[in-house]
Amino acid sequence: MIKNEQNILVIDDDPVMLRSLKELLAIHDYDTDVATGGEQAICLINNKDYDLILLDLHMPDVNGYDVMQHIKSVNQTPAIIIVSGENSFEAARKACSGGTYAYLSKPYKTNELLNTVRLALREKHLKKLNSVVQHQLKESERLHRYLVNTSPDIIYILDPQGSFTFINQRIESLLGFSPEELIGKHYSILIHQDDAKHAKYVFNERRVGERASNNIELRLKCKDTDKPRYFENKMLPIELSSMGIYTGANNNKKNTYLGTYGVARDITERKIAEETITYQAYHDLLTRLPNRSLLRDRLNLAITQAKRENEMLAVMFLDLDRFKNINDSLGHITGDELLQQVSARLKSCLREGDTLARFGGDEFTLLLPKITNRNADAKKIAEKVAYVLKEPFFIDNNELYVSASIGISLYPQDGQNMDTLIKNADIAMYHVKGQGKNGFQFFSDEMDTPYYKNLSLDTGIHKALDNEEFTLLYQPQINVSSGEIVGVEALLRWHHPDLGCIMPSEFIPFAEETGLIIDIDNWVIKNALCEISQWHQSGLPEVRMAINISACHLARENFVAEIAQALTDFNVPGRYIEIEITENAIMEDMEGVIHKLKKLRKLGISVAIDDFGTGYSSLTYLHKLPIHTLKIDRTFLQVERFANDDHTIVNTIVAMAKGLKLNVIAEGIESQRQLDYLREIGCTEAQGFLFGKPVEATLIKSLLTKKPFVLPDANKPGLGLHRKQH
Ligand code: C2E
Ligand code: MG
Ligand code: MG
């Protein structure tokens, strides 16, 4: 084995000696090069790396010492056996000080020589092996050091006292400390104060195997530095795995704890992802407000606290009026933008500690803890909300007006638990909707749950349309000077098979929110036109038919075309029809509405503004509108107002209508006194129970055939209302 692998050179100036050595070695399977003299030897050494050199000292010109010198100078490390005739101690000492393996005197003993050669070759072989291993080890260490230092994780070793003996470079980019400044320091300087207790048995883990720490979450402190951004939150969430280090696996000896080895992974990204997921689970992403789940959490907590502290709290349920219209007519992007702007304004109404949540769609909920007085706190905030929503919203060149209906329930009187409080605030809110929207109401026990809160309105209305459960009643509109019926208003009733007669205020607000109102309005238009067409054909006196149209219906693009088609279908001249719309319907899209109203006018249809004075009451836009009639809302003619001589609004409306040459109808006239007053101020028409409640078609037809109403005279009190007898 050795023969073929190892290179041997024999150097002697005596050729006989040289040959005999070569032959001797050849007999024992050693293949050798030979050099006769030092000079030749140097040439060979320059070209080949020898493992063993048998060297004569005494040679002419270049002697053995010179050869050794040369070997050293070319950094070769062969084993050198001196085979020399020089027997002096001095010569041997000198030769050996040059790193010679052995010194044999000539004449040598064959066995001794062979033995020395064998041993020298073996030692050389071992040395070679050793150096390879050394090299590999160095390489491997370099590799591991590289892996450790470039690892994305923090890797550290602690001594038994908990001080760092090693920590990789990663610490610097993650926490801002250099490894050098941490060596010798106790690990606790890196631990976030809130996690100190938790870290105690983990960071300096003593256990090994399955019981050692695995994937434990901790927070580390970043170095106080003014380096921006990277360390700005001064805290790094990590996931740590660590284990104890013990002296070798010698079973006989008791193992000694040497310290801890640990790997910490930066989990910032994961934490951010987790936080985002949690945020999304508890927030509405459009408005960034708490969502229904978070509101429920907070409300539950607030109720517990209110119970403990004997306090009151309020839950406000807020629904934007006619939001669906905006969404349908201007698109979802505008609708979304509006919701964002509305939430920003709502936020401005909150006190510290209040929660505003988006409950879904256009519904918001306000939780107001620590209410001391319902009027001072809850009412004030509701008024503030109404106030901040009054100003128009500007989105993409649209000027939008929004109002809200707010229902308020109070803990403890309106409910002891979360669900009851939310339900009652919701019921109160629907009562606001039912009474014309835009405003707020506190829940009271007398409030019935509106019909549409209990039944599926969707299927209910479809069935009602299919099964002809809807009917129209007609209420006369009177000329206050002549007593003649000049028009009738078609008013809808729903005869539900189980629930009996349902009034429009019970289902129309909801139908407006869901869009079902379109089907309802179309049904009304069709039936009202059909009716008036029959009246016309049967020769009844000519009267106007007033039809209520919802804002969202008016907002539809093909509204005018549909009406025109209906007029043709039923062969009704446009002048027989008046449509009643609310102020809010106009304000939502003034330009668009004006355009449509002009088209309606071309068809002969007249337009009345219903409930005038209750909406935006902006008198400034009136002259711009192609309308014919103002209907003064009945609240302005209420008995209480008369008692207080509060006629300002009615007077203003009538005066202004005269100026604009508009027809005025006063709604809800129930008493002689109201009628007298209307005459006094020159109001031309009136409608109300005083002249007749809404009645079925047959009844109104018979009224139309009779002579005009004899209207009571102001100067003759007590005279009842009756028909003129001729
Ligand atoms: P409105 O258009 O302002 O109708 C007048 C309401 O006042 C009617 O209530 C009528 O019955 C009531 N009323 C009339 N005279 C008096 C009176 O002297 N005293 C009192 N206290 N009330 C009087 P109704 O029928 O319950 O309708 C309520 C509202 O529902 C209507 O207000 C209208 O906005 C809506 N509505 C009714 N029918 C329709 C319809 O076919 N389509 C649409 N879109 N809305 C309708
Ligand atoms: Mg009306
Ligand atoms: Mg009205």
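All ligand and atom numbering here is 1-based and tracks the order in the structure.
Each of the atoms 17 (C), 18 (O), 19 (N), 20 (C), 21 (N) of ligand 1 lies under 4.0 Å from some heavy atom of Glu670. In summary, the atoms of ligand 1 found under 4.0 Å from a heavy atom of Ile669, numbered by their order in the structure, are 18 (O). In summary, the atoms of ligand 1 found under 4.0 Å from a heavy atom of Gly688, numbered by their order in the structure, are 15 (N), 18 (O). Numbered from 1 in the order shown, with element, the atoms of ligand 1 that lie under 4.0 Å from a heavy atom of Ser550 read 44 (N). Within the listing of ligand 1, atoms 2 (O) sit less than 4.0 angstrom from a heavy atom of Glu580. Annotation for ligand 1: atoms under 4.0 Å from non-hydrogen atoms of Pro694 are 11 (O).
By the 6.0 Å and 45° rule, Lys693 stacks over the aromatic ring of Phe689.
The Mg ion (ligand 2) forms the vertex of an angle spanning OE1 of Glu580 and OD2 of Asp610; to the nearest 10 degrees it equals 80°. Here the Mg ion (ligand 2) is the vertex; the OD1 atom in Asn548 and the OE2 atom in Glu489 give an angle of 90° (to 10°).
Using a 4.0 Å cut-off between heavy atoms, Thr582 makes no contact with ligand 1 at all. With a 4.0 Å cut-off on non-hydrogen atoms, Asp521 touches ligand 1 through its side chain and not its backbone. Within the 4.0 Å heavy-atom criterion, neither part of Lys631 lies near ligand 1. No part of Ile520 comes within 4.0 Å of ligand 1, judged by heavy-atom distances. Residue contacts with ligand 1 for His553 are absent, since no atom lies close enough (heavy atoms, distance under 4.0 Å). When non-hydrogen atoms are compared, ligand 1 lies under 4.0 Å from the backbone of Leu492 as well as from its side chain. Counting heavy atoms closer than 4.0 Å to ligand 1, residue Val524 contributes side-chain atoms (C-beta onward) but none from N, CA, C or O. Neither the backbone nor the side chain of Lys693 comes within 4.0 Å of ligand 1, counting heavy atoms alone.
Side-chain N or O atoms of Arg345 include one that pairs as donor or acceptor with a backbone N or O of Val388 at under 3.5 Å. In this structure, the side chain of Asn527 engages the main chain of Trp523 through a donor-acceptor pair within 3.5 Å.
Any N or O atom pair closer than 3.5 Å counts here, and Met503 shares no such pair with ligand 1. Residue Gln687 places no N or O, backbone or side chain, under 3.5 Å from any N or O of ligand 1.
Side-chain atoms of Glu696 and Thr471 include no donor-acceptor pair closer than 3.5 Å. For the residue pair Lys631 and Gln687, a side-chain donor N or O sits within less than 3.5 Å of a side-chain acceptor on the partner. Side-chain contact, Thr684 with Asn663: a donor N or O sits under 3.5 Å from an acceptor N or O. Counting only N and O atoms by type, the side chains of Ser550 and Glu512 include a donor and acceptor under 3.5 Å apart. Defined by atom type and a distance below 3.5 Å, a donor-acceptor pair is missing between the side-chain atoms of Asp321 and Tyr401. Thr568 and Gln565 share no donor-acceptor pair across their side chains, judged by distance under 3.5 Å alone. In this model, no donor atom of one side chain and acceptor atom of the other lie less than 3.5 Å apart for Gln674 and Glu670.
Rounded to the nearest 0.5 angstrom, Asn327 CG and Asp336 CG are separated by 7.0 Å.
Counting only non-hydrogen atoms, the option in Phe689, Phe470, Trp523 that gets closest to atom 17 (C) of ligand 1 is Phe689. Here the shortest heavy-atom distance to atom 34 (O) of ligand 1, taken over Leu637, Asn548, Thr635, belongs to Asn548.
Residue contact check for ligand 1: Arg493 places a non-hydrogen atom closer than 4.0 Å to it. In this structure, Gln475 counts as a contact residue of ligand 1, since one of its heavy atoms falls inside 4.0 Å of the ligand. The shell of residues lying under 4.0 angstrom from ligand 1, judged by heavy atoms, excludes Ser505.
A salt bridge is defined here as a Lys NZ or Arg NE, NH1 or NH2 lying under 4.0 Å from an Asp or Glu carboxylate O, and Glu542 with Arg575 meets this definition. Using a cut-off of 4.0 Å between Lys/Arg side-chain N and Asp/Glu carboxylate O, Lys526 and Glu562 are scored as not salt-bridged.
The aromatic rings of Trp494 and His496 lie tilted to each other, with the angle between the two planes from 30° to 60°.
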